[in-house]
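This is a predicted model, so every value here is computed, not measured.
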Amino acid sequence: MDTAHVVIVGAGPCGLATAAQLLRRGIRVRLFEASSAPSQGSKAIMLWPPAQAVLDDLEVLDAARALAHRPDHLDYFGDHGRLARIPLTPEQSPLVLPQARTDALLEQAVDKAGGTVERGRRLIALTQTSDTIEVVVRDDAGREEHLRTQWLVGADGVHSTVRELLGITFPGNALPIRFALAEGRLNGDCVPTAPTYYFTSRGGLVIVPLPDGCVRVSGSTHEGQEATEHLIQEMLDTRGPEGLRMDRFQGLTTFSSAERVVERMRIGRVLLVGDAAHTHSAVGGQGLNLGLQDVRNLAWKLAGVITGRLDDAILDTYGPERIAAARQIIKTTGVLTRVALAPPPWSGLRNAVLNIAHRSRRALAWYAARVAGQRIRFPATPLGCPSGSRGTGLPAPHWATPPAGSTPDRLLLVTSGPTDHPLHQAADAAAERHAPLVGHHHVPRRRPEFLLVRPDGYVAARGTAKDLHRAERLLAAINPAVKN
């Protein structure tokens, strides 16, 4: 019976990213995918900054940027013209890239790290004890393989076999909205150059420019309507700017969404990531980003437990943090969907609010950060983020990001202020006491303070010199050398 540290079920972007992250940390991985060939098509196309961070971890971000379209704003129109333009800073801008290309880059990262995707192999059974999992997979020819692993990650999508075998419920509701979607070439004088949303009295429409001159067009439809070239053109004629014509259609489909999130993302030695654990409205393009952030949250914790660098209890923080993130995204995308498709008279109120917000820099900055996925906050856990603490549980500010050459899996105690401030010396001593779990980096800034930044970029603790003991308590809680 073969052994592996981790078995991953599903080789979509989340499964591929999980495998690559673990392999790069020296963890033995088997990656199984039921489909016999890589998935094709665009599917998820928006890679917001949290997803880009995962690509950066895996050294494929530059390649993704070279392939992607990178808008610097979002446009919103109503029946009578533009309602708002949301500027995006370079730190907020998404990469627009068809999922098949993202998958290919992630599979390259898996290959480079010494792994492989075992295609045409489907999970049919799993049994776990306190210290191991026995797995049965079956290939397309009906041959079965039994293997043993320490951990299993279910990355097998909305219809997850792993979730079903574990009996994890997937509560939530289907959204009563259907969309028609097409990709192809768009011709005319007013072809959008950035993701553009049309909130009209005749329905909603979204146009997103893709690389290589293609566009994605999606609009709300009535029950029973199927996507046809005629329907897509009618949407463009009645909801979009005048004179747009679409041709060279590459795909036509209709789809609906649901808002669901599991109540548990871990049972014993089995963990869920991505769509296997949550799904939400497609408006805003957050699905793949949420899943890849599951991966970034999990990989350093799981690798640390397997190698003995981190206490097992750290995995207890994974589910609560990521379920909280999923619920925040579900709330945001749900509100966006309902607001976008609001009928009269609510549509008039929506348009008035957008017009007012368009003239407020603070409102624009708040919305841009939220849609870019930079305002997701974790709840209080043994890894920090105590209730009411300023700036904890959020992504680290730009000035506190790890410098080039930092050890990837170490937490980073970042201090600011004068170099001769007592906080600088106290942080050096704290990092020494908890080496090699944490490193220290000083940033010359006016305000003396510290941030304890996790490997996934989130702030676990923040304060001044008198609060440094809180950071040390967190480090002691996850350091097996201290606990033992």
Side-chain angles (χ1 to χ4, degrees), residues 1-23 27-40 43 99 103 106-107 109-111 113-170 260-279 287-288 290-292 294-295 298-299 302-303 305-306 315 318-319 322:
M1 183 179 290
D2 195 10
T3 61
H5 289 128
V6 182
V7 163
I8 301 170
V9 180
C14 291
L16 290 165
T18 304
Q21 291 267 20
L22 294 175
L23 286 163
I27 307 302
R28 295 194 307 275
V29 169
R30 298 282 299 274
L31 174 57
F32 298 112
E33 168 56 45
S35 300
S36 57
S39 177
Q40 299 300 314
K43 296 185 179 180
Q99 186 175 315
D103 287 352
L106 291 171
E107 188 160 354
V110 171
D111 292 342
T116 186
V117 180
E118 301 183 51
R119 301 192 187 278
R121 310 200 68 189
R122 184 182 303 274
L123 175 73
I124 62 170
L126 68 87
T127 305
Q128 64 172 317
T129 64
S130 60
D131 59 0
T132 192
I133 303 172
E134 293 189 6
V135 175
V136 183
V137 294
R138 180 181 295 155
D139 67 16
D140 289 342
R143 295 183 294 264
E144 293 185 359
E145 179 183 0
H146 295 246
L147 64 150
R148 183 178 293 121
T149 184
Q150 295 179 21
W151 299 90
L152 186 142
V153 176
D156 49 344
V158 171
H159 305 291
S160 170
T161 299
V162 174
R163 189 185 66 237
E164 292 179 1
L165 288 173
L166 291 174
I168 297 176
T169 57
F170 201 25
R260 302 184 187 279
V261 58
V262 294
E263 295 177 353
R264 302 177 66 184
M265 292 181 70
R266 175 191 179 190
I267 291 185
R269 292 179 167 270
V270 182
L271 305 111
L272 301 177
V273 298
D275 290 348
H278 41 67
T279 185
L288 178 54
L290 184 61
L292 288 178
D294 291 346
V295 174
L298 176 62
L302 183 55
V305 169
I306 291 171
L315 288 174
Y318 169 68
R322 297 313 302 163

To the nearest 0.5 Å, tell me how far [X] [atom1] sits from [Y] [atom2].
X: His146; Y: Thr127; atom1: NE2; atom2: OG1; answer: 10.0 Å
X: Asp140; Y: Arg122; atom1: CG; atom2: CZ; answer: 7.5 Å
X: Asp103; Y: Lys43; atom1: CG; atom2: NZ; answer: 7.5 Å
X: Gln150; Y: Asp131; atom1: CD; atom2: CG; answer: 9.0 Å
X: Leu272; Y: Arg266; atom1: CG; atom2: CZ; answer: 12.0 Å
X: Leu106; Y: Cys14; atom1: CG; atom2: SG; answer: 9.0 Å

Ignoring hydrogens and geometry, is there a side-chain-to-backbone donor-acceptor pair from [X] to [Y] under 3.5 Å?
X: Asp294; Y: Arg322; result: no
X: Asp139; Y: Gly120; result: no
X: Arg269; Y: Leu152; result: no

request  = Among Val7, Val9, Val153, Ile133, find the residue that satisfies the side-chain contact (heavy atoms from CB on, under 4.5 Å) test when tested with Val270.
outcome  = Ile133

ask   = Are Arg119 and Glu33 within salt-bridge range, i.e. N to O under 4.0 Å?
value = no

For a quick test of reading the model, state the closest non-hydrogen atom pair linking [X] to [Y] and the distance between them.
X: Gln128; Y: Ile267; answer: NE2-O, 3.0 Å
X: Ala19; Y: Val110; answer: CB-CG2, 4.1 Å
X: Leu22; Y: Ala299; answer: CD2-O, 3.8 Å
X: Ala11; Y: Val117; answer: CB-CG1, 3.6 Å
X: Pro13; Y: Leu288; answer: CG-CD1, 3.4 Å
X: Val262; Y: Arg264; answer: CG2-O, 3.1 Å

Do [X] and [Y] make a side-chain contact, defined as non-hydrogen atoms from C-beta onward lying under 4.5 Å apart?
X: Ile124; Y: Glu144; value: yes
X: Phe32; Y: Leu123; value: no
X: Trp151; Y: Leu315; value: yes
X: Ile306; Y: Val6; value: yes
X: Arg30; Y: Val137; value: no

Which donor-acceptor pairs under 3.5 Å do the side chains of residues 163-170 make with protein atoms, sequence neighbours left out?
unit_1, atom_1, unit_2, atom_2, d
Arg163, NH1, Val158, O, 3.0
Arg163, NH1, Ala276, O, 2.9
Arg163, NH2, Val158, O, 2.7

task = With sequence neighbours excluded, tell me which residues meet side-chain hydrogen bond (donor to acceptor under 3.5 Å, both in side chains) with Thr279.
result = none

From CA spacing to verdict: side-chain contact (heavy atoms from CB on, under 4.5 Å), Leu290, His278 = CA-CA 9 Å; Leu290 184 61; His278 41 67; 3.4 Å; yes

